[in-house]
Amino acid sequence: MAPPRSFLWSRRIFLTLLTGFVLVPVYVMVSSSLKPLADVTGRFRWLPSDLTIRPYVDIWSTVPLARYFVNSLIVAGAATLCSVVIAVFAAYAVSRYSFRGKRVFTVTVLSTQMFPGILFLLPLFLLYVNIGNATGIALFGSRGGLILTYLTFSLPFSIWMLIGYFDSVPRDLDEAALVDGCGPLGALFRVVVPAATPGIVAVAVYAFMTAWGEVLFASVMTNDTTRTLAVGLQGYSTLNDVYWNQIMAASLVVSVPVVAGFLLLQRYLVAGLTAGAVK
């Protein structure tokens with residue numbers, strides 16, 4: 001039975017308004033990034049009168065954006081890699097083996113997501129400073145300390161999500177691999193991991209996006225050398241002026257890796273989230 005015409009028109013109107021709600025801010029950002037600063041700070045015009053690509057050139061000299069870009073790539077990439085590797089082993093152990101404290105472990109991992117991140121800011125700061133004073137290992141103000149910080153947020157969710165996904169992979173595959181001569185690790189990497197690729201990709205995307213756009217801990221745990229993009233964008237705001245056109249241009253540039261990665265891995269991400277949610 002076909003839906004009534006009123007429903008079809010209502011759906012079209014709603015989707016049109018929703019599309020406009022999403023695309024209008026993007027258009028304002030793109031158009032502002034192509035305007036001189038005087039046009040951006042003046043009266044807003046939907047159609048720019050003077051287009052220029054100068055803001056895209058100046059963003060690299062106004063602040064050391066390239067260094068911030070490299071720092072963000074290293075921190076987000078390392079945090080993602082460590083989160084995925086540790087989560088795969090931990091989730092496989094919980095999914096396939098029975099051990100004392102298994103339920104407590106899974107509940108504890110999930111309960112960590114209940115607390116806001118700001119509660120861990122001061123304890124981590126004091127911990128990193130004391131470790132540096134006692135051992136000489138510079139965690140505060142270093143990329144390594146920031147990577148460990150981001151693991152505290154992405155790893156619990158990654159483990160919990162992969163547990164549900166590994167549970168959906170039939171145990172018969174593991175048993176068949178063991179019969180063919182594989183050990184537990186061989187069964188994991190040759191059978192379970194390929195079957196769980198969508199879930200692993202979803203975890204990787206989540207961990208990367210969490211580390212890429214984080215501001216609170218990056219503003220406290222970094223210095224001028226290790227500063228990331230999320231904090232470095234504040235450099236376009238000075239005591240004398242705010243370079244709004246460069247901020248818009250830099251925001252578009254730093255969004256390219258996340259948007260491109262999401263578009264390339266979209267089908268894996270949707271499949272992984274769906275399977276984990278259903279399980």
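We number each residue from 1, following the sequence as shown. Computed from a prediction, not measured in an experiment: that's the story for all the values here.
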Check whether any side-chain N or O of Ser154 sits under 3.5 Å from a backbone N or O of Ala207 as a donor-acceptor pair, and report yes or no. no
Ring centroid separation for Phe69 and Trp212, is it under 6.0 angstrom? yes
Is a donor on one side and an acceptor on the other found under 3.5 Å between the side chain of Thr108 and the backbone of Val104? yes
Taking all non-hydrogen atoms of both residues, which atom of Leu162 and which atom of Ala91 are closest, and how far apart? CB-CB, 3.5 Å
Would you please indicate if the ring centroids of Phe166 and Phe89 are separated by under 6.0 Å? no
Contacts of Trp46 meeting side-chain contact (heavy atoms from CB on, under 4.5 Å) (sequence neighbours excluded), chain-then-number -> Val24, Tyr27, Val28, Phe44
Using salt bridge (Lys or Arg N to Asp or Glu O under 4.0 Å) as the criterion, list what pairs up with Asp224, not counting sequence neighbours. Arg227
Quick one: closest heavy-atom pair of Ala79 and Leu151, and the distance? O-CD2, 3.6 Å
Enumerate, atom names and distances included, each donor-acceptor pair closer than 3.5 Å involving a side-chain atom of residues 242-251, sequence neighbours excluded.
from   : atom 1 : to     : atom 2 : distance (Å)
Asn245 : ND2    : Lys35  : O      : 3.1
Gln246 : OE1    : Thr62  : OG1    : 2.6
Ser251 : OG     : Ile247 : O      : 2.7

Within the distance-only criterion (no hydrogens, no angle test), does the side chain of Thr226 pair as donor or acceptor with the backbone N or O of Gly141 below 3.5 angstrom? yes
For Phe217 and Phe120, I'd like to know if the aromatic rings sit close, meaning centre-to-centre distance below 6.0 Å. no
Ser237 side chain to Gln234 main-chain N or O, any donor-acceptor pair under 3.5 Å? no
Is there a donor-acceptor pair under 3.5 Å between the side chain of Asn71 and the backbone N or O of Thr225? yes
Using only atom types and a distance under 3.5 Å, with no angle test, would you say the side chain of Ser142 pairs donor to acceptor with the backbone of Leu139? yes
Using modelled atom types only, decide if a donor and an acceptor are shared between the side chain of Thr135 and the backbone of Gly132 within a distance under 3.5 Å. no
